[in-house]
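Below: the structure, in C-alpha cells.
Letters A, B, ... mirror the listed sequences (proteins, then strands); counts begin at 1.
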2 protein chains.
Amino acid sequence: MTAIARLMRERDLKPGDRLPAEALLSKELQVSRTVIREALRSLAALNLVRLGAGRRPTVAELDDGAFSLMFEHGVVTDQIDIQQIYDARRTIETRTAALAAMRRSEAECRAILSHAQAMEDQLDHPDAVMEHDIAFHIAIARASRNPVFVLIIGAFQGITRQTWPIGWKSRASDDERRAMNALHMKIAESIAAGDPKASSTLMGEHFDQSIKALLNAGLI
Amino acid sequence: MTAIARLMRERDLKPGDRLPAEALLSKELQVSRTVIREALRSLAALNLVRLGAGRRPTVAELDDGAFSLMFEHGVVTDQIDIQQIYDARRTIETRTAALAAMRRSEAECRAILSHAQAMEDQLDHPDAVMEHDIAFHIAIARASRNPVFVLIIGAFQGITRQTWPIGWKSRASDDERRAMNALHMKIAESIAAGDPKASSTLMGEHFDQSIKALLNAGLI
DNA sequence: TGTAGTAAACCTGTATGACAGGTTTTCGAA
DNA sequence: TTCGAAAACCTGTCATACAGGTTTACTACA
C-alpha cells in the first residue's frame with residue numbers, strides 16, 4: 001500500500017488520473033497480484049483511489065466516507081459519545097459559518113437559503129427536513145472554501161442521521177420546530193449579508209439549542 | 001467489509017475483542033477467503049481492526065493514522081493547501097486549549113508543561129523541539145477529553161512534520177524562537193491555572209504567529 | 001497442584017491458476 | 001469520418017498450496 005501511495009506521489013497523479021493495472025503493478029513491485037489487490041482495497045477504503053470492475057484504478061477526489069466510518073466506529077465501540085461529536089461540530093461550524101459569510105458566492109447563498117426554506121416548507125416530512133438540514137450544513141462548509149472542514153463536517157452526517165430524528169421528536173411542539181427552522185433562516189440570511197460575526201453567533205445558538213434538545217431526549 | 005463491520009456492531013465488540021478467523025468468516029458470510037482478506041485489509045486501512053500474522057483480527061482503538069493519510073493525500077493531490085490546514089487547526093485548537101483548562105488532570109498539566117519546558121531546553125536541537133511541539137498539542141487535545149479532537153489533531157501531525165522545519169527556519173533569530181517557546185509556556189501555565197479564556201486566546205495568538213512564519217517562508 | 005516445555009491445532013500472508021463478466025481499444029466496413 | 005464488432009485488457013471471485021507465526025492443550029516434573 002505504501003509503495004502504491006508513493007508511486008502516486010512520484011508520478012504527480014491527480015484525481016481522475018489512472019494508475020497502472022493490477023497485473024502491471026504486480027510486475028513493477030515484484031509481488032503477486034493478491035498483494036496488489038489487497039493494497040488497492042486498502043487505498044480504496046481510505047477513498048484515496050477508486051476501483052471499478054473492468055476499469056483501472058483511478059486517483060480519487062477527497063471524500064468523507066472513510067472519515068464517516070471511523071467516527072461511527074468510535075461511537076459504536078463506545079470510544080466517542082454524542083456530546084463530544086456535537087461539541088466538535090459546534091467548534092467547527094461556528095467557524096465555517098463565519099468563513100462562508102466572507103467567501104460565499106451568490107449561487108452558494110441561494111443554495112443555503114433554499115435548504116433553509118425547504119426545511120420550513122416541509123415541516124410535515126421530517127425525513128426531508130433532515131436531508132435539507134444536513135445539506136444546509138454541508139453547503140455552508142463548502143462556502144467556507146476549506147476542504148478540511150468540508151471533510152470533517154461531511155463525516156459527521158452518518159451520526160447526524162441517527163441522532164437527528166431523536167432531537168426532532170424531543171422538541172415539544174411544531175412551534176419549537178419552526179423556531180429551529182427560523183434560526184436556520186437567520187443563519188442563511190446573515191451569511192448572505194456577509195456578516196461573519198452574526199453568522200458565527202447564530203450558528204453557535206443553533207448548536208446550543210440542538211444540544212439542549214438532545215439532552216432533553218436523554219441522548220447525551 | 002460492510003458485513004464484517006455489521007458483525008462487529010451486532011456482537012457489541014469493543015477494542016481488543018477478537019473477530020472470528022478468516023476461515024470462519026468465509027463460511028459464515030458464504031464468500032471465499034480472498035474476499036474476507038480484502039475486506040479485512042480495508043478495515044485495517046481504516047484502523048478499525050488490527051491484523052497480525054498468526055493472530056485473529058481484533059477490534060482496534062481509534063487511531064489517527066488513517067485520517068493522517070487522507071489529509072496528506074489531499075495535500076499531495078493539491079486538494080488541500082497548508083493555509084487551510086492551519087485555519088482548521090487554529091479553530092479546533094483554541095477550543096481544545098479552553099477545554100483542557102477546564103478538564104485537565106494534574107498529571108496532564110505536568111505533561112503539557114514538561115513538553116513546553118523541553119522545547120525551551122533543547123533549542124539547539126530542532127528535531128527534538130518539533131517532536132515536543134507536536135506532543136504538546138496532542139497532550140492538550142487529550143486533556144480536552146474529546147476524542148474527536150484528539151483524532152483530528154493527531155491526524156495533522158504528518159503535515160506538521162513537513163511544515164514545521166520551514167516555519168522554524170523562517171524565524172529570524174533564536175530570540176524569535178524563544179519567544180515562540182515562551183508562548184507555549186504561557187499556554188501551559190494558563191491551562192494549569194484553569195483559565196479557559198486565556199488558554200484559548202493564547203493558543204489563537206500562537207497560531208497567528210505560526211501562520212505568519214509560514215507566510216514569511218512562502219509556504220502559504 | 002502448579003509450572004514449564006513441546007507438539008498439535010489454529011491462523012495469517014503470499015503465490016498461483018482458473019474463469020466469469022465488465023471496460024477499453026482497435027480495426028474494418030460503410 | 002463514424003459506427004459497430006471483435007479482440008485485448010481489466011477486475012472480482014474462487015480454490016488450492018505452502019511457509020511461517022500464534023495459541024491451545026497436554027504431559028512431565030517438582
When you get a sec, tell me which of C:dA15, C:dT12, D:dC10 is the closest nucleotide to the side chain of B:R37?
-> C:dT12
Does A:E108 pair with A:R145 as a salt bridge, N-O distance under 4.0 Å?
-> yes
Spacing between A:L25 atom CG and C:dA15 atom P, to the nearest angstrom = 14 Å
Residue mapping more 5' on DNA chain D - nearest nucleotide basis, B:V31 or B:R18 = B:V31
Is the ring centre of B:F156 less than 6.0 Å from the ring centre of B:Y86?
-> no
Which nucleotide in C:dT25, D:dT13, C:dC11 has an atom nearest any side-chain atom of B:A21 = C:dC11
From the list B:H132, B:H137, B:H184, ring-ring contact (aromatic ring centres under 6.0 Å, His included) partner of B:H115 resolves to B:H132
Which nucleotide, C:dG13, C:dT16, D:dG12, lies nearest any side-chain atom of B:R33?
-> C:dG13
For B:K27 and D:dA15, what is the distance between atoms NZ and C1' respectively, to the nearest whole Å?
-> 15 Å
Give a yes/no answer on whether the side chain of B:R41 brings an N or O atom under 4.0 Å of OP1 or OP2 in C:dT14.
-> yes
Whether over 12 other heavy atoms sit under 6.0 Å from B:R142 CZ = no
Picking from D:dC14, C:dT14, D:dT11, which would you name as closest to the side chain of A:V35?
-> C:dT14
Between C:dT12, C:dT24, D:dG12, which nucleotide has the shortest distance from any of its atoms to the side chain of A:E22?
-> D:dG12
Value in whole Å for how far the P atom of D:dT23 lies from CZ of B:R56 = 10 Å
Atom-to-atom span, CD of B:Q30 to P of D:dT13 - whole angstrom | 15 Å
Euclidean distance, atom CD of residue B:E38 to atom P of D:dT11 [Å, nearest integer] = 12 Å
Closest listed nucleotide, where the reference is the side chain of B:A53 and the choices are D:dG12, D:dG21, C:dT14 = D:dG21
B:K14 with B:D12: basic N within carboxylate O range, under 4.0 Å | yes
Distance in angstrom units between A:L40 CG and D:dG12 C1', rounded | 12 Å
In whole angstrom, what separates A:R50's CZ from D:dT11's P?
-> 16 Å
Nearest-neighbour nucleotide for the A:T34 side chain, D:dC14, D:dT24, C:dA15 considered = C:dA15
Closest to the side chain of B:S32, out of C:dT24, C:dT14, D:dT13, is D:dT13
